[in-house]
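Step one of this worksheet: look at the structure below.
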Amino acid sequence: MPLNLYNTLTRHKELFKPIKDNQVGMYVCGVTVYDLCHIGHARAMVVFDAIYRYLRYKGYEVKYVRNYTDVDDKIIARAQKEGLSYQEVAERYIDEFNSDMQALKTLKPQVEPRVTHHIPEIIEIIGKLVAKGYAYEVEGNVFYSVSKFSVYGKLSGKNITELMAGARIEVDERKENPMDFALWKASKPDEPAWDSPWGKGRPGWHIECSVMSMKYLGENFDLHGGGMDLIFPHHENEIAQSEAATGKPFVNYWLHNGFININQEKMSKSLGNILTIKQLLNQYHAEIIRCFLLSRHYRSPIDFTLGHLAESKKIMSNLYLSLKNIQEWTAEKKPGRGFKEEDFSGEEARIYHAIFGLKDRFLKAMDNDFNTAQALGYIIQISKMINSHLEKLGPEKEPGEKLLFLLHRAREGLLDTAQVLGILQEKPENYFLLVETEAYEDLSAFIAAVENNDICGLKERLDPEWLKSQVKEREKARKNNDWNKADKIRAELKEKGLLLEDTPKGTRIRIKKDPNIIEVN
RNA sequence: GGCGGCAUAGCCAAGUGGUUAAGGCAGAGGUCUGCAAAACCUCCAUCCCCGGUUCGAAUCCGGGUGCCGCCUCCA
């Protein structure tokens with residue numbers, strides 16, 4: 001099935017055609033490593049991770065490159081503030097970024113180039129641009145001359161003459177045109193510097209991506225991605241630099257993800273509403289975050305609120321519930337043989353159709369400009385059908401051959417599609433343990449776990465002896481039909497964050513998690 | 001001022017002209033339960049406004065209105 005994607009360059013959805021039959025080169029602008037990453041970064045990284053996974057799912061051989069900007073003004077400023085070298089700052093935040101990405105279960109790109117490892121190549125390209133007359137040197141700085149590149153503005157739809165030049169830019173007198181931008185910056189004393197034909201200095205911001213993307217993917221490659229904000233000037237400038245240097249078209253398809261708002265406000269340092277990935281991961285399982293991020297189309301803005309996150313949490317629990325149900329119903333039993341459509345009728349026939357149609361529908365959704373929201377909807381639909389059907393069959397959990405067959409196929413289908421979104425990667429029992437704090441069916445086992453301090457932090461908050469006596473009291477009260485007392489104890493435990501649930505099999509317990517630990521202003 | 005995007009139920013959200021407008025959350029009613037919880041069942045929209053194209057439009061075109069982003073570092 002053909003993949004269509006929205007190309008910022010043409011402002012249309014286009015049929016995706018790789019340059020080399022089934023190989024894809026993909027470059028995504030990474031981060032400037034001067035601080036912890038926030039949920040906006042998380043969105044970009046998760047979105048492009050899903051795109052990367054999907055391309056591979058479709059059978060493309062993808063070379064994925066994502067850079068680190070490890071030298072720039074902000075890093076230098078941070079280093080000076082903390083009395084560290086810029087390398088130390090960069091190293092620290094590269095490590096932090098890596099741990100965030102790993103926690104968010106993103107796949108590692110094949111190449112993660114750093115600016116400081118590519119200085120000779122950068123100098124070479126700048127030299128080429130100067131030689132070709134696209135750039136000029138002033139006092140050790142090299143600027144790109146925007147007016148020499150006739151199609152400047154083609155990505156962002158801007159027109160140089162109409163750009164209110166200088167309106168919001170501090171005009172640098174040394175530039176021939178206010179829109180010109182730095183390729184090479186002369187360094188001040190105490191700043192990182194490399195020798196160059198124009199004296200000591202360091203690369204400007206945009207040139208690195210031109211150089212590193214072309215180095216690893218060729219002068220013309222397939223996909224280039226990043227946040228919406230990078231369209232102008234960053235990506236516009238990349239095009240200007242690259243195409244001027246090589247005379248070839250740079251990137252065929254430009255993809256840009258939308259921004260995250262927090263409670264309908266732009267996330268910004270001045271508003272003080274920056275939420276870091278670490279804060280979020282502290283409270284929410286990575287797959288809940290991925291589910292939230294992928295439940296909207298990647299180009300739309302999305303609003304971060306605790307309510308929305310709670311929805312995603314519910315969704316993930318329901319999905320895992322299906323896996324758990326399937327696991328319990330199938331146990332170790334393998335389906336005896338394959339069945340055909342005509343073998344099923346009624347509810348089972350509907351489930352059969354849904355399961356066997358899942359992959360097609362999933363592909364169709366994803367082929368439509370990576371519509372993860374719709375794709376996720378289809379996955380949830382299957383999950384819901386399974387849960388509902390099994391519930392109706394009652395508690396015996398003795399599936400016939402045909403149902404066994406359906407359940408196995410459902411599981412395969414769910415896992416196969418969900419992995420493209422990077423969800424349902426945990427074993428259900430582990431997921432519930434991590435997220436819901438799996439309900440303990442056995443109260444004495446729970447108390448023992450508290451005593452052993454197996455449950456993080458609970459021993460400090462709860463006296464196991466007190467807990468033991470409360471539980472015993474309540475059991476006694478229930479036996480005596482003393483419902484008032486039983487309810488009272490249940491309420492007391494609830495205040496301590498313990499939820500008692502009476503089921504036909506007995507009383508079980510689960511730990512209530514506080515959903516409001518993250519503070520969002 | 002320039003460029004771009006969005007407007008679908010209480011909320012979030014999919015929907016690239018054609019059967020009953022995905023899905024989720026919340027809510028209401030129900031099953032189960034001593035009660036509650038969990039789970040399951042049922043119910044819950046004609047798509048911002050006005051014109052136009054068409055046999056037929058949420059979907060295409062024009063005009064309004066209202067939001068938002070970018071034009072400065074930014075995912």
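In this structure, A:I260 reaches the bases: a heavy-atom distance under 4.0 Å links it to at least one base atom across the strands shown. Within 4.0 Å (heavy atoms only), A:L390 reaches no atom of the nucleic acid at all. Using a 4.0 Å heavy-atom criterion, one finds that A:M385 contacts no nucleic acid atom at all. Residue contacts shown for A:K314 are limited to sugar-phosphate atoms, with no base heavy atom under 4.0 Å away. Across all strands, A:N318 comes closer than 4.0 Å only to sugar-phosphate atoms, never to a base (heavy-atom distances).
Looking at heavy atoms from C-beta onward, A:T507 lies in side-chain contact with A:R474 at the 4.5 angstrom threshold.
The aromatic rings of A:Y144 and A:F181 lie parallel to each other, their planes meeting at an angle below 30°, with 60° marking the opposite boundary.
The side chain of A:D487 approaches B:C35 more closely than any other nucleotide in the set B:A14, B:C40, B:C35.
Distance check on atom P: B:G23 versus B:G4 gives 36 Å, rounded to whole Å.
In this structure a side-chain-to-backbone donor-acceptor pair under 3.5 Å is missing from A:R202 to A:S187.
With 3.5 Å as the limit, one finds a donor-acceptor pair spanning the side chains of A:Q374 and A:Y378.
One N or O donor and one acceptor, one from the side chain of A:E311 and one from the base of B:G24, sit under 3.5 Å apart.
As a whole-Å value, the separation of A:L5 CG from B:U16 P is 17 Å. The distance between atom CZ of A:R490 and atom P of B:C35, rounded to the nearest whole Å, is 11 Å.
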